[in-house]
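For reference, the structure is listed below as structure tokens.
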Amino acid sequence: MRRRPALLPAATVVALAVLAAPLITGNLFWLDTSALMAVYALLALSVGVSFGLCGILSVAQASFAALGAYTTAILSTRYSLHPLVGLAAAIVLPAVFGYPFARLIAGMSHLALAVATLLFGHMLDIALREGGDFTGGYIGLSGLPPVPGPDSATWLHVASWGMVALVAALLGSLYASPYGAGMRSVRNDPMRATADGIDIGHMRGVALSVAAGIAGLGGWLYAHHVSYLGPESLGPAVSISVLLMAMVGGVSTVLGPIVGAVALTLLSTLLPGAEAAGMFYGGTLLLVLLAAPKGLTSLPALAGAQRGADAGKENGR
Amino acid sequence: MTLMAEGVTVRFGGILALDAVSIEVQPGQVASVVGSNGSGKSTLFNAIMGFAGLASGAIRLDGRAIHELPAHRRVQLGLCRTFQTPRIDPESTVFDAIRSGGIMSLKSGLFAACLATPRGRSEAAGIDHRTEKVLEELRLAHLALARMGELPVGTIRLIDVGRAVMGKPRFILLDEPAAGLSHAEQDALKAQIRRLASEGVGVLLVEHNFRFVSDVSDHLTVLDRGRVLGSGRPGEVSKRPEFVRSYLGSFAGKASAAASPRAADTAAKAPAVMPMPLMECRKVTARYGGIRVCFDIDLDVPQAGVVALLGANGAGKSSLLGAISGLVQSTGSITLDGQRIDGLPAHRRSECGICFVPEIRGNIFPAMSVAENLELAQRRLCAQALDRMKAELEQMFPRLSERRFSPACMLSGGEQQMLALAMALSLKPRILLLDEPTQGLAPAVYDTLEAVVRAIVGNGIGVVLAEQNAAFAARLANQVIIIADGRVSLRTGAEILGDRERLLRAYLGAEPQEAA
Amino acid sequence: MLKLARRVALAAAAAILAGAAALMPASAADKKPFKIGLLLSLSGPAAPFGIPERDAVKALTDKLNAEGGVNGRKVELVVYDDATNPTEAARGMRQLTQQGGVVAVIGSTIGSGTLAAAPIAAKASIPVLAPNGTDAVIARDKDYFPWVFRTLPADGVIGRNLVERALAGGARKVGLFYQEDAYGKGMHDMLATMAKEKGFSVVAAVSAPLSATDLAPQATRLRNAEPDVVLLQASAPALGAAFVRAATQVGLKAPIWAQGALGQKSFLDAAGPAAEGVNITLLANWGNPTPELAEFARILTEAGTPPQGFGEILAANAFYAIVAAAARIEGDIDGVKLRDALEAVCEIKAFTPGFSCYTRDNHDGWTGAAMQTAVVRNGRFVKR
Amino acid sequence: MELAEFVVRGALLGVTYGLIACPIALVYVTSGTVDLAIGAYVVLAAAVSFAAPGSVGMLLAICVAMVAASVVGVLSSLLTRRYQGDKLIVILASFGFAMMVESFVLTFFGKDPFVRQSGAAPVEFLGMPIARQSVISATIGLVLAASVYVLLHRTMLGREMRASADNARGAAIAGIPVRRVQLATFILAGALAGIAGVMTLHGAGLIFSSAVPLTITSLGGAIMFGLNRPLHAFAGGVVIGIVESLSAGFAPSQLSTLLPFAFIFAVLAFKAMHGTEMAGGRA
């Protein structure tokens with residue numbers, strides 16, 4: 001088995017979504033949570049493509065999602081266009097923006113790039129607030145049409161996880177392809193990649209463009225699911241939390257970011273809330289990072305590797 | 001139809017790394033560049049490939065100037081290189097590592113990859129097929145699914161060559177591909193290089209392993225400190241004195257007569273094998289991540305004696321010293337004065353008296369002044385010992401007190417080496433590990449350096465000296481251990497200095513492996 | 001992870017037991033209790049307002065239940081922290097309406113939270129009492145309009161009121177400092193409109209994000225513009241205090257008129273002597289209380305959460321509106337009945353004067369007459 | 001004159017950023033990672049000092065900040081020891097810890113602002129009235145920056161820190177316990193942040209949620225002029241303060257918050273395009 005199993009992540013997503021369906025349909029709160037998890041999963045997948053696959057530590061994924069979300073929100077409220085028109089625009093606009101943006105920032109070190117993208121998020125946030133009636137300003141846009149399709153609880157679950165599964169399938173195929181291997185080598189070793197004849201600037205642009213498109217899709221789902229969109233909805237704080245999700249799940253696999261999104265959303269839902277919420281959430285996060293710094297999906301492999309290392313040590317002594 | 005470098009000059013800051021170097025490779029030809037460390041071989045590669053900018057000169061491919069193009073464009077035009085230190089992802093499989101060399105030939109792009117279109121899939125299958133073919137040619141098919149990190153460095157180098165071949169290059173630049181390869185692996189590599197040449201690919205080779213070079217090359221260029229020293233057919237070049245000088249150490253020729261008696265002197269003072277060695281290493285194997293670089297090496301270091309580790313670049317000398325000092329992961333036992341120290345972290349071993357001076361003066365702090373460097377090294381000394389140490393160093397290294405306020409990075413190479421030794425002595429070592437102290441130094445400094453090391457030994461310190469410069473090492477050594485391909489190839493006394501033929505053979509890895 | 005799961009399970013079990021224990025006396029009572037949802041910002045930037053809101057409703061609920069509830073029905077509270085995040089507010093509304101079984105929701109602390117959550121409440125036919133002044137919350141053109149009621153005068157009304165009072169002395173040149181959120185920006189835009197209407201000029205308008213600490217540059221800019229009067233539109237006590245302190249430091253001498261949201265003890269504490277002479281329009285004045293307000297202060301203090309500012313007032317308004325509506329309902333209470341009852345409420349045991357009536361067309365309830373002018377003297381708000 | 005006043009006020013404001021940027025850089029040079037909880041120590045110290053008045057309270061506050069910083073120091077050591085190389089995990093872990101501290105402050109010290117005003121009259125400087133506390137804070141800031149310089153260049157611990165940063169391998173060879181030195185740097189960073197917290201408490205004041213914005217602005221300032229020079233980072237913080245002040249003073253209010261961000265972004269993009277990035281950061 002030389003090929004990475006391209007469709008396995010997507011199949012896993014479908015299987016889990018089907019398994020979870022009976023628990024979720026009939027319970028609107030969990031349905032809501034499930035749709036939100038799907039939004040976060042898409043955003044975390046976007047982190048996966050930009051950072052996990054191509055090594056661009058962008059902390060602006062929620063801002064790309066906001067670009068997509070505002071696009072569809074403005075199209076559907078101001079111009080009364082169908083959400084499906086908005087869907088295309090919400091994916092294309094961030095994707096088109098992502099390429100030159102990546103070329104602009106690609107020369108920075110990891111840390112500078114992270115800071116720069118975070119600042120970009122803040123700037124977009126301010127621009128949206130000051131956008132007046134066009135963006136809804138500080139108050140935001142409300143009354144967005146729902147996700148198109150039958151008005152049933154199950155449909156939302158099917159539609160949102162269907163999107164995640166579709167993206168996972170496309171990414172699974174990308175990750176397994178030689179093209180994906182090229183992106184991975186840009187992440188692992190830009191110099192080596194150059195010596196392989198890869199135009200690393202172009203590759204980074206493509207990766208961030210794809211990532212922004214996926215984030216835009218997440219933004220679309222967010223906008224039409226929540227039906228309200230304000231500057232805080234998909235702000236820099238969300239960018240940081242989806243980065244956490246991707247890292248907690250395992251950033252370099254297709255399934256990892258999805259697992260991370262589900263795990264951390266569950267965590268914030270189940271842990272006690274109010275003033276002390278941050279202590280529980282932050283504390284659990286630290287424990288998870290200590291236990292599995294390469295992500296939850298790496299845990300089985302990690303246990304194996306640890307055993308191997310211990311065995312090696314014993315042999316050495 | 002040639003690859004040419006014309007009068008290539010490269011500067012790094014004020015340093016002239018390459019000075020008007022010209023070289024030419026024809027299709028189907030194997031051309032090699034040899035030269036000691038720091039002679040500019042890798043810089044030449046970088047200049048040709050676009051990883052280093054030219055100050056003047058030109059790179060031409062089929063007459064077209066390509067030195068303005070970015071590196072990846074040059075690769076797409078048919079140039080390809082390997083790296084001296086293999087750049088690998090330890091997690092990836094051998095199959096993926098080789099396959100990545102073929103990615104640039106993809107015609108289908110992102111959409112084909114995401115949607116797995118028939119065209120994308122057939123292209124991917126084509127690349128996979130070629131990868132399998134290359135694996136078989138390299139006789140590595142059985143390792144296709146092994147992780148890169150688990151392989152010995154020799155295999156990794158071979159894989160790197162395969163990776164370069166995948167791009168169907170017209171010219172291939174191999175940077176020390178044979179370092180660390182076993183004989184069988186070297187043979188596979190030779191076959192691969194010959195096949196490439198016969199298919200019309202031009203090969204440019206940088207290599208220390210002279211036997212390997214003479215076996216495969218059609219043409220040889222000797223570089224020395226950024227200049228072309230000479231060129232011609234391998235058989236002729238190796239007989240020229242300037243080659244021998246560049247290869248075995250710059251004053252090997254002139255010093256051989258003078259050095260032997262001195263070495264013999266030292267040998268008489270301290271017998272080759274001490275009854276009770278100060279430090280004993282048994283079956284030491286060093287590894288970087290998963291890559292093992294030297295294997296099962298035994299080493300005894302006497303008090304007040306010098307053990308010289310000789311061998312070509314990449315043979316595993318530095319890694320062994322790193323393993324002893326605790327900076328490189330290792331297995332095997334290391335005992336100092338009867339105490340096991342192999343479990344200790346590096347800074348504890350330093351406290352026990354193991355002091356390492358890495359190559360290119362790696363123990364000094366470049367941004368800090370000479371005085372600060374020394375104060376750091378002397379910080380554990382009590383007032384009395386400090387005064388004594390200062391006086392001692394003052395006498396040994398008078399230059400350093402003159403330059404006490406300049407930052408270490410502003411010192412000349414020789415002064416830096418003196419500082420590195422002064423810092424090492426300040427730590428009151430019992431064992432001093434010196435890694436290539438002559439590297440990058442002008443021959444004028446060698447005598448000073450030799451005197452200093454003698455003085456150190458005179459103080460009862462055991463010295464392990466890793467050198468490429470065999471002549472320099474042999475002038476000091478009581479015992480000589482020659483390492484080739486990460487293993488001991490010859491263990492002998494200093495008298496080997498008299499037998500230059502044999503030394504050269506062992507050095508080049510031609511001596512039969514040490515009988516256990 | 002296993003340990004965590006066990007701990008979560010234990011916590012859940014404990015919560016169920018506690019819930020059951022709480023239910024015991026209620027089920028023993030004559031009538032079924034009804035539940036009110038609190039969808040408030042208990043963490044994040046708006047926590048300084050959300051926390052007192054929750055504390056006030058808790059104290060009032062305990063008191064009401066101790067007195068026998070509404071027509072024999074006790075009140076239970078279900079609390080959800082939206083962390084000052086509209087996404088969480090929407091989710092919280094879903095939880096409260098679907099799982100919490102509430103008949104009314106008080107929230108959210110800030111406008112965007114209410115805007116995100118109100119459509120969900122409307123779908124579930126649950127009335128929402130919004131303790132924020134954001135104009136869009138009570139917009140007639142929205143589908144959720146029939147379900148949202150405001151528990152204070154709208155920002156536009158309060159703002160207009162403030163400007164009128166500040167200019168009553170004949171000032172023509174106005175300076176404005178506002179915080180960068182819907183509350184501040186709304187004032188900024190309205191002031192521009194009013195300037196055209198009334199013929200005064202806005203000589204400088206400066207802003208700062210809620211996270212700003214040192215406002216000396218902003219105060220300097222206002223000082224240099226030489227306004228007759230400075231309007232201070234901030235709800236965050238830290239920001240308001242930082243501004244008046246900066247104003248004293250840089251020598252900004254023009255009188256400052258602050259919006260009622262700063263009518264908080266923490267503003268006075270943080271501003272110290274710099275707050276002296278600051279004029280403010282208050283919803284209620286803890287420093288100079290009516291007898292009812294003094295009683296409320298006593299209840300809060302006894303509950304261990306002494307009064308802080310306006311959050312308690314807004315929450316109490318909301319709470320008593322629900323109580324007043326619930327009192328009109330015979331039989332089981334549900335969202336629809338409660339909404340209908342709310343639309344007929346004219347009498348609330350409110351601490352803010354100026355309540356007219358909630359009607360089918362008017363969900364705003366309070367008018368500008370609610371505001372009273374005060375000035376800071378010796379670290380207290382006193383009637384002007 | 002007007003311009004000069006905004007520059008001076010900006011510099012005074014920037015001292016706080018500088019005092020936070022400086023420890024960010026200190027931690028970065030010795031351990032190659034960034035402690036995102038640094039702003040949280042500032043808030044924590046301010047809260048403790050607010051709750052416990054007097055000089056004992058101040059000392060206690062600084063100690064608490066140091067203890068909190070040592071937690072991240074130990075975490076960093078644990079994470080890097082087990083999984084070499086990936087500094088990002090440490091950065092994320094420090095963010096998680098910052099969340100915990102913020103929540104801790106909110107739970108135990110409350111939602112109200114932490115401010116303590118002196119009530120002293122402003123002093124005149126070049127004809128502009130300036131709060132006495134600002135002058136004191138700026139003085140303390142400069143003294144601390146100078147002390148950091150002295151510590152780094154005139155003491156053995158400082159030399160060990162610089163040595164660990166300059167050449168970690170060489171430091172280990174010279175017998176310097178690099179990990180312990182790194183932990184010491186974290187604790188020192190905590191102390192600086194603690195002092196910044198106490199200073200801010202007596203100046204502009206802050207609230208439980210100030211931690212993240214403070215960290216981001218200061219990190220931006222630190223990274224602008226090279227994260228591997230603590231004193232450059234301090235200067236970067238001061239420059240950010242000046243840019244903020246000028247922007248608040250002259251830009252339309254809609255843009256005043258955006259401009260400082262845009263300024264840092266532009267500096268970073270400029271550096272990346274001109275290839276000076278390599279000298280500026282190692283990550």
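For clarity, every value in this text was computed on a predicted model and none was experimentally measured. Proteins get letters first, then strands, A, B, ... in listed order; numbering begins at 1 in each.
Top candidate by heavy-atom pairs under 4.5 Å with chain D, chosen from B:G322, B:C355, B:P358, B:A377, is B:P358.
Heavy atoms of D:R180 lying under 4.5 Å from chain B belong exclusively to its side chain. Proximity to chain D is absent for every atom of B:M423, based on heavy atoms less than 4.5 angstrom apart. With a 4.5 Å cut-off on non-hydrogen atoms, B:E351 touches chain D through its side chain but not through its backbone.
Few gaps surround CZ on B:R379; more than 12 heavy atoms of other groups in view lie less than 6.0 Å from it.
Shortest non-hydrogen contact noted between B:S350 and D:A172 is CB-O, 3.9 Å.
Going from atom CE of B:M368 over to atom CZ of D:R162 covers 4.0 Å, rounded to the nearest 0.5 Å. Rounded to the nearest 0.5 angstrom, B:S369 OG and D:H153 NE2 are separated by 10.0 Å. Atom CD in D:E160 sits 12.0 Å away from atom CD in B:E375 (nearest 0.5 Å). Atoms CZ and CD, on D:R159 and B:E372 in that order, are 5.0 Å from each other to the nearest 0.5 Å.
Of the possible donor and acceptor atoms, one in the side chain of D:N167 sits under 3.5 Å from a partner among the backbone N and O of B:I364.
Using a 4.5 Å heavy-atom threshold, the side chains of D:V178 and B:H347 count as separate. In this structure the side chain of B:S325 never reaches within 4.5 angstrom of the side chain of D:I173, judged on heavy atoms.
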